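First comes the structure, then the notes that go with it.
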Amino acid sequence: MLVYHLPKTLTRLCIRFFTHPSRLPPHLQHTPTGSNYCIQSLCQQGDLKQAIHLLTQEPNPNIQTFELLIHSCSIKNSSFDARTVHKHVIDNGFDQNPFLATKLIGMYFELGLVESAWQVFDGICNRNLFVWNALFKGLVKVGRGDEVLGMYRRMNEGGGLSDSFTYTYVLKSCVAEKTGEGFVEGLDRVKEIHGHVLRHGYWGNLHVMTTLVDVYAKFGCVECAGFVFYGMPVKNVVSWTAMIACCAKNGKPFEAVELFREMIVETHGLVPNSVTMVSVIQACTALCAVEQGRLLHGYVLRKGLDLVLPVVNALVSMYARCGDLDIGRRVFDQMKRRDVVSWNSMISGYGIHGLGKKAIEVFEEMLHCGIQPSPVSFVSVLGACSHEGLLEEGKNLFESMERDHGVYPSVKHYACLVDLLGRANRLDEAAKVIEDMQIEPGPTVWGSLLGSCRIHCNVELAESASRRLFEIEPENFGNYSLMAEIYAQAEMWTEVKRIKNLIEARGIQKLTGCSWIEVEKGIYSFISADELNPKNEVVLALLMKLLTEIKKMGYVPHTKVVLYDTSEEKKESNLLGHSEKLALAFGLMNSNEGETIRITKNLRLCEDCHLVTKFISKFLDREILVRDVNRIHRFRDGVCSCGDYW
DNA sequence: TCCGGCTCAG
């Protein structure tokens with residue numbers, strides 16, 4: 001009875017109690033307002049079924065009621081109810097209401113019912129900007145970015161003006177499109193939209209500009225991203241983070257860490273958030289900078305960011321990939337909550353160390369905990385099998401993917417399988433797998449086969465794989481160098497020359513070897529040089545001294561990896577300039593006896609460097625850790641953890 | 001009244 005006298009605003013506050021018409025105050029019973037209250041109340045309590053039941057009896061539902069009903073359908077992920085509610089929207093004459101149309105479009109995209117979303121959009125005569133934006137947002141969400149640009153043009157032709165939201169969606173749609181229609185076209189579109197953004201005066205808008213930074217980053221254009229970033233009149237944590245992530249993801253981890261420092265030192269009041277931390281931890285992972293990483297871990301703990309799953313996941317991965325697998329495991333074990341990414345981080349951590357059996361163990365533990373494996377879980381565990389040569393286990397896991405877990409093998413999984421078979425010298429079987437594939441093999445799969453051919457010196461199969469690779473990936477230097485290496489191993493020098501001519505004729509950019517090492521919390525990079533750089537004089541002197549010593553122990557330079565047809569002497573000198581050797585010598589000069597040396601390299605470790613590092617680890621009784629693109633090599637007492645099989 | 005930017009596993 002009290003409610004009877006309450007003013008309207010207070011009555012609204014009481015809505016949550018009106019879960020049934022009988023609970024309404026008398027003056028609201030059997031009135032449209034009362035029924036609306038009941039439906040809204042039920043939606044808020046999550047009882048969608050009952051709400052819809054009332055809806056069928058309600059003569060006059062209003063816009064707010066429908067808004068809540070639509071929202072509930074998204075939350076409950078119920079397509080059936082969604083269609084019922086939509087039907088009622090139409091029956092009640094709201095089908096031309098732009099507000100509800102926006103909500104309906106959002107709902108249908110949320111439910112993955114793209115065609116229904118389109119129908120709502122097409123049915124609206126007077127579309128306002130919200131309706132357009134809902135369409136763009138939804139299309140990006142469901143990965144149909146390729147349909148955005150055409151609609152954006154149509155909107156412009158119809159005289160519609162964009163706002164900052166429109167630009168962020170349209171920009172993101174270019175990324176979604178990147179994989180589908182080609183890289184260059186996508187990038188051109190970003191530049192085109194960039195022009196629109198500037199012409200319409202959005203150059204100072206934080207959201208739009210940050211999206212631009214991110215989108216350029218996703219295209220790998222660090223320069224363009226930097227241009228936008230440094231041109232921003234006002235920056236906040238998010239824009240800084242976008243730029244840091246851009247560097248971290250695009251092979252410039254060093255710059256990422258520098259930017260992080262700059263952000264903390266030079267800006268006032270900008271506090272890194274969890275996303276910033278994830279990005280900079282990722283950069284440290286790339287650099288094998290575990291000391292930096294430890295400092296960041298401390299910061300994470302002080303700020304209570306260790307409750308944020310992605311942050312801890314990034315830490316687990318950082319320790320594991322930097323060689324501190326045990327610490328990674330400890331962080332993992334202490335997690336209160338784990339998602340599939342946490343598990344995958346741990347699985348791939350074991351994999352990169354060549355501990356396939358441990359990786360399988362963790363994978364099974366994950367299943368036991370009721371976590372549904374993701375496609376990445378299989379990439380990680382199959383990769384781990386491959387590193388330890390666990391052929392049967394790997395094959396069984398591959399077969400179980402679809403059968404037991406409903407995960408369809410993608411090219412990456414096939415690449416793992418081909419690698420697994422190839423490394424085990426089952427090259428014909430590997431080739432058969434490719435032949436029987438239901439999907440287009442693509443460069444990763446052919447690349448796996450070519451890599452295996454290198455291990456087992458199979459020139460014939462390598463030639464057929466490389467022919468395909470040169471066709472589908474004409475710009476990838478790695479393929480040419482791999483093939484040249486295979487010819488060099490077989491001492492087919494004319495063919496080596498032919499490949500080198502091909503590289504020149506096609507104007508392919510050579511990949512420079514680069515190694516990083518952390519010394520006293522500073523990070524140093526070394527670039528491989530064909531000519532010895534006098535700047536590295538001290539480093540080279542130490543290196544030569546070491547080489548003289550290990551030659552006495554039986555080291556013979558592995559000059560076959562040098563693809564120049566030149567004198568043995570010149571070849572040896574070329575080997576000396578490899579970045580990992582320079583980094584190693586630098587590390588030895590700047591560390592204490594007994595300290596582990598950690599180096600990371602952007603390419604595959606060459607046979608000669610591998611050999612030299614083995615000898616040096618024995619000669620100086622040092623543990624040396626080298627992470628190349630594929631795995632971690634732990635050198636101890638003249639032996640490498642990879643078993644010379646990488 | 002309706003919508004935004006940056007992150008972890010391969």
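Keep in mind that this is a model prediction, so the values were computed, not measured. Sequence lines set the chain letters: A, B, ... in the order given, protein chains first and strands last, and positions in each chain run from 1.
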Rounded to whole angstroms, how far apart are CG on A:N630 and P on B:dG10?
13 Å
Look at all strands and tell whether A:S380 reaches a base, only sugar-phosphate, or nothing, counting heavy atoms closer than 4.0 Å.
sugar-phosphate
Between P on B:dG10 and CZ on A:F363, what's the gap in Å once rounded to a whole number?
15 Å
Base, sugar-phosphate, or nothing: which does A:S377 touch, judged by heavy atoms less than 4.0 Å apart?
nothing
A:T166 and A:D163 side chains, donor-acceptor separation under 3.5 Å
yes
Do A:F363 and A:F378 pass the ring-ring contact (aromatic ring centres under 6.0 Å, His included) test, and can you show the C-alpha distance, the side-chain angles, and the key distance before you say yes or no?
CA-CA 9 Å; A:F363 177 80; A:F378 285 101; 5.4 Å; yes
Roughly, in whole Å, what's the span from CG in A:L135 to P in B:dC3?
17 Å
Write down the distance between CG (A:L171) and C1' (B:dC3), rounded to a whole number of angstrom.
15 Å
For DNA chain B, the residues among residues 297-314 of chain A that have a non-hydrogen atom under 4.0 Å from it
A:P310, A:N313
Would you say the side chain of A:I264 lies within less than 4.5 Å of the side chain of A:P272, judging by non-hydrogen atoms?
yes
Would A:K235 and A:F229 count as a cation-pi pair here, with the cationic atom under 6.0 angstrom from the ring centre and within 45° of the axis?
yes
Return the nearest nucleotide to the side chain of A:N273; candidates are B:dC6, B:dG4, B:dA9.
B:dC6
Between CG of A:N133 and P of B:dG5 the distance, given in whole Å, is 13 Å
Within less than 4.0 Å of OP1 or OP2 of B:dC6, is there a side-chain N or O belonging to A:K172?
yes
When the distance from CG of A:L161 to P of B:dC3 is rounded to whole Å, what number comes out?
21 Å
The side chain of A:K249 lies closest to which of these nucleotides: B:dG4, B:dG5, B:dT7?
B:dT7
Give the rounded distance in Å between these two atoms: CZ of A:R631 and C1' of B:dG10.
17 Å
Answer with yes or no whether A:T210 presents, from its side chain, a donor or acceptor under 3.5 Å of a partner atom in the base of B:dG5.
yes
When you measure from every atom of DNA chain B, which of residues 336-357 of chain A have a heavy atom less than 4.0 Å away?
A:V341, A:N344, A:S345, A:S348
Between B:dC3 and A:F130, is there a base-stacking contact, meaning the centre of the base's six-membered ring lies under 5.5 Å from the residue's ring centre while the planes stay under 30° apart?
no
A:H413 and A:S410 side chains, donor-acceptor separation under 3.5 Å
yes
In terms of side-chain heavy atoms of A:A245, which of B:dC6, B:dG10, B:dA9 is nearest?
B:dC6
Tell me yes or no: between the side chains of A:S377 and A:S374, is some donor less than 3.5 Å from an acceptor?
yes
Which part of the nucleic acid, if any, lies within reach of A:Y167 when heavy atoms closer than 4.0 Å are counted: base, sugar-phosphate only, or nothing?
nothing
Scan side-chain atoms only and decide if A:T241 and A:T276 contain a donor-acceptor pair under the 3.5 Å cut-off.
yes
Quick check on B:dC3: is either OP1 or OP2 less than 4.0 Å from any side-chain nitrogen or oxygen of A:K141?
no
For the pair A:Y167 and A:H200, name the ring-plane relationship: parallel under 30°, tilted 30 to 60°, perpendicular over 60°.
tilted
Would you please indicate if the ring centroids of A:W132 and A:Y152 are separated by under 6.0 Å?
no
Rounded distance in Å - CZ (A:F109) to C1' (B:dC3)
14 Å
For the ring pair A:W240 and A:F260, is the centre-to-centre distance below 6.0 Å?
no
Is A:Q282 close enough to B:dA9 that one of its side-chain N or O atoms is under 4.0 Å from OP1 or OP2 there?
yes
Of the candidate nucleotides B:dC6, B:dG4, B:dG10, which contains the atom at the shortest distance from the side chain of A:K137?
B:dG4
